[in-house]
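Structure first, then comments.
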Amino acid sequence: MIIVLRSGAAPQEIEEVVRRLKKLGFGVHISQGTERTIIGAIGDERGVNLEEKIGVLPFVERVIPILTPYKLTSREFREQDTVVRVNDVEIGPGKFVIIAGPCAVESETQVMETAFRVKEAGGKILRGGAFKPRTSPYSFQGLGEEGLKLLARARELTGLPIVTEALGIEELPMVAEYADMIQIGARNMQNFRLLEAVGKLRKPVLLKRGMMNTIDEMLMSAEYILAQGNYQVVLCERGIRTFEPATRNTLDLSCIPLVKKKSHLPILVDPSHGTGRSDLVHPMCLAALAVGADGLLVEVHPNPVEALSDGPQSISPDQFFSLVRDLRRFAPLVGREI
Ligand code: PEP
Ligand code: MN
């Protein structure tokens, strides 16, 4: 249920609603809009008539059931777009934030060179995996903590915040110690214990859509994080599995405007995993900007042919440079700043 208060409700009135809801056993989430305050009551509604218990208060305008299985993630709960802050970088309306870097951190020279080139071209956040979810156990698994240290060093030298993936609950505290934003990968999108664990942290989360998950499932996964009190979640469309073998995945760009209707959370596009082909990255990035994405997650490697993971979908720093140059030409047309 959401409880919409009359505009200008006083703090003690908000407090009164919160007190009553808590007494009834509900979890309480407050969304402070510019016009009015909305209170989300999360919990078992069976046998409780909130209309009767809360709706009668004079400063309550309406008590509305949220029909979707996700609540805090829904547009109904929060009308305005959420802005997620990763250090001094804002992801949200009016911005088009480019996150770029190698699939995996491989060496000091590889990550430093990429970081400097990404920054120079206009990338705002550095990506790089230290723990890699590889399909084969014999493929390069990432440098682990050594990789996290290299990322932290790259941040120190360039000032770029870093995003990196946590594969499991065990390594989450270590990843959180180094990362400015924690990535939950496609394969872990429904690892509910991991989602709850990042929900308990107060760090922004980049939640990637599972390759076999629906849009609503992605929003319910986000709900797991928000329900723990962490509202700093950015979604990411990274392609879904279809019958088409010409691309690694099928990049579902229609999901962007649809997610914007259903949710207030920002959403990025990852054209690298979305297509699996470096030659398709540039056009799909332009398309992502056109359909209303809040930014990109792009794999950039100083020497893609030599990459230890995802070389065929990684673009070179030079290609990244021309990509950002082209995006900058189009961004003002859709009211976004790079
Ligand atoms: C990645 O971003 O490197 C990655 C492993 O992505 P995904 O989880 O979308 O496959
Ligand atoms: Mn990758």
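Atoms within each ligand, like the ligands themselves, are counted from 1 in listed order. As the structure is a prediction and not an experimental result, all values here were calculated from the model. The analysis underlying the following values was restricted to heavy atoms, covering all of them including side chains, and did not include hydrogens, waters or symmetry mates.
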What atoms of ligand 1 come within less than 4.0 Å of a heavy atom belonging to [X]?
X    : answer
A186 : 7 (P), 8 (O), 9 (O)
K132 : 1 (C), 3 (O), 5 (C)
G185 : 8 (O)
E299 : 3 (O)
P133 : 5 (C)
R238 : 7 (P), 9 (O), 10 (O)
R187 : 7 (P), 8 (O), 10 (O)

I would like to know whether D310 and H301 meet side chain to side chain donor-acceptor pair (under 3.5 Å); could you show each step before the answer?
CA-CA 9 Å; D310 287 349; H301 192 286; over 6 Å; no
Can you name the N, O or S atom of D310 that is closest to the Mn ion (ligand 2)?
OD2
Lys/Arg-Asp/Glu bridge criterion (N-O < 4.0 Å) met for E16, R20
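Here E16 pairs with R20 in a salt bridge, since their nearest N and O are under 4.0 Å apart.
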CA sep, side-chain torsions, deciding dist, call: E61, R36, salt bridge (Lys or Arg N to Asp or Glu O under 4.0 Å)
CA-CA 10 Å; E61 188 173 287; R36 55 189 88 237; 2.7 Å; yes
Using the rule given for side-chain contact (heavy atoms from CB on, under 4.5 Å), can you reason through I215 versus V259, listing the C-alpha separation, both sets of side-chain angles and the distance that settles it, and then say yes or no?
CA-CA 7 Å; I215 292 169; V259 163; 3.7 Å; yes
How far is atom 4 (C) of ligand 1 from its nearest protein heavy atom, and which residue and atom is that?
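Result: H273 NE2, 3.4 Å.
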Heavy-atom nearest neighbour in the protein, as seen from atom 6 (O) of ligand 1, with distance rounded to 0.1 Å:
K208 NZ, 2.9 Å
Angle subtended at the Mn ion (ligand 2) by C103 SG and E299 OE2, rounded to 10 degrees
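About 90° at the Mn ion (ligand 2).
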I'd like to check whether D310 has a polar contact with ligand 1, where a contact means an N/O of the residue lying under 3.5 Å from an N/O of the ligand.
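Among all N and O atoms of D310, none is under 3.5 Å from an N or O of ligand 1.
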Looking at [X] and [Y], what are the two nearest heavy atoms and their distance?
X    : Y    : value
L253 : P257 : O-CD, 3.3 Å
F77  : I39  : CE1-C, 4.2 Å
P266 : T82  : CG-O, 3.6 Å

Tell me which part of R127 gets within contact of ligand 1: side chain, backbone, both or neither, using heavy atoms under 4.0 Å.
side chain
For ligand 1, indicate whether the residue C236 contacts it via side chain, backbone, both or neither (heavy-atom separation under 4.0 Å).
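Looking at C236 and ligand 1, no heavy atom falls under 4.0 Å.
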Under a 3.5 Å threshold, yes or no: a donor from one side chain and an acceptor from the other, between S254 and D252?
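Short answer, yes.
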With no hydrogens and no angle check, just 3.5 Å: does a side-chain donor-acceptor pair link Q80 and H264?
no
